[in-house]
Amino acid sequence: MENSLLNGHPKFMGYITSSPAPIGVLADLLAATINPNVGAQILSPVATEIEKQTIQWLAEFIGVSPAYGGILVSGGNMANFTGFLAARTAKAPKGIKEKGVSNATNQLTVYCSDTTHTWVEKAVILFGLGTDSVRWIPSDEQNKMRIDLLEKTISKDLKNGCTPMIIIGTAGDVSTGSVDNLEEIARVSKKYNSWFHIDGAYGVPAAIVPKYKALFKGIEDADSIALDPHKWLYSPLEAGCALVKNPQHLIDTFSSHPEYYNFSDNDHNFYEFGLQNSRGFRALKVWLALKQIGKNGYTQMINEDIDLAKMLFDAAENHPEMKAETHNLSIAAFRYYPEENLSEDYLNILNEQLLNVLQKGGELFVSNAVIKGKYCLRACIVNFRTSEKDIHEMIEIIVKEGKKLHNSLKK
Ligand SMILES: *Cc1c(COP(=O)(O)O)cnc(C)c1O
């Protein structure tokens, strides 16, 4: 205990790691005790049903058709990989499974904004497309993908004989929480017959809050969506979810029938929907939290996190020694900015060093974002324990430590 980071603390706002919901902690204990293997229905009859229902609830929860199917995985990376592989099966030339990517007649290309999470790099390296296949589309001043440049790039690639396999929209980017224009990406994906994937690992649960719903317009057109219950649904690690509009694409990608499996054709065997074979009962902690907290409870808690991030942004904006940079969803980015006329280089060094002081200080935990060249402190509040009092105390701590550091650096 003494040597842990203790990220359930009300002033923990680093990266995107939540305070764990107590019912989820109990659920993991219970799941480990029963120990069902949720790879096959015959090994986990009730756990399989609970996972199926959890997936359906998550789909309804974020406002897409309950006909979406999918699978629970360890986190956002794995959920995105699952969608990516389904896209590869669906959009690559026929025979990809037999002949492999190197024999695809056209180069398969991938489109995402330059703020997209690093999972894309892992995916193209691991799944044979290579990093040259990624078109990092520049983002605008709000960190959203430039749709005009997306279309321009696709047209050029088509002329060069490429197959635009997948377009990835981000719903809540890691650094600033901004949501791409999903409706426009859906339109472009249809036009070019590409797979439309949404990386909503962090942000998609905000779609349940009525006043933010419009931000996510277009989500119902996604061929696949990644979301992370271990982020904004406060599930203890690990829990991610891949949702796929037509779950048959998952079976086409992952299913196999070795003779040593005595499973009935009518069974819902999760090993046929994803990368894992033996699987734990991670659905229980997500399912129990959904039952305990419900849509209203989540709406309230998520909304509160967003309000607190806005409060932090405003407090930074109004403080004479700070500057607020961005606020979207529950992420606020800001800088310690002790006086005017300091160089950008100095401000970057000051804030980077301040971050290290704060992280080692043990009073609060924030992380960093580099936004258009500016090194910022960044707080992501996915924490039902954080209160207004914490926000005000944080500002005091940051300014106190910032002042000390600035005075020592000036000498
Ligand atoms: C966190 C995150 C990921 C990676 O998810 P893990 O659960 O850490 O694997 C991917 N994309 C986005 C947008 C994220 O916020």
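Atoms within each ligand, like the ligands themselves, are counted from 1 in listed order.
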Residues 243-257 vs salt bridge (Lys or Arg N to Asp or Glu O under 4.0 Å), sequence neighbours excluded, gives none
Nearest non-hydrogen contact to atom 15 (O) of ligand 1 from the set Glu238, His117, Lys231 belongs to Lys231
One finds that the ligand 1 atoms under 4.0 Å from a non-hydrogen atom of Gly172 are 13 (C)
Under 4.0 Å from one or more heavy atoms of Gly75, ligand 1 contributes atoms 7 (O), 9 (O)
Paired with Glu151, the salt bridge (charged side-chain N to carboxylate O under 4.0 Å, His left out) test is passed by just one of Arg135, Lys156, Arg187, namely Arg187
ask   = Met78: heavy atom below 4.0 Å from ligand 1, yes or no?
value = no
Are any of the N/O atoms in Ala201 less than 3.5 Å from those in ligand 1?
-> no
For this session: Evaluate the ring pair (Phe, Tyr, Trp, His ring centres under 6.0 Å) criterion for residues Tyr336 and His319: first the C-alpha distance (whole Å), next the side-chain angles of each, then the deciding distance (0.1 Å), finally the verdict.
Result: CA-CA 10 Å; Tyr336 180 60; His319 197 286; 8.1 Å; no
Any side-chain heavy atom of Thr299 within less than 4.5 Å of one from Pro210?
yes
Quick note, side chain to side chain donor-acceptor pair (under 3.5 Å) partners involving residues 24-35, not counting sequence neighbours, are Asp28-Lys285
Taking the side chain as everything from C-beta on, heavy atoms only, tell me whether Leu329 gets closer than 4.5 Å to Val179. yes
Counting heavy atoms under 4.0 Å, the part of Asp228 that contacts ligand 1 is side chain
If we number the atoms of ligand 1 from 1 as shown, the ones under 4.0 Å from a heavy atom of Ile16 are 15 (O)
Checking heavy atoms under 4.0 Å, the part of Asp173 that sits near ligand 1 is neither
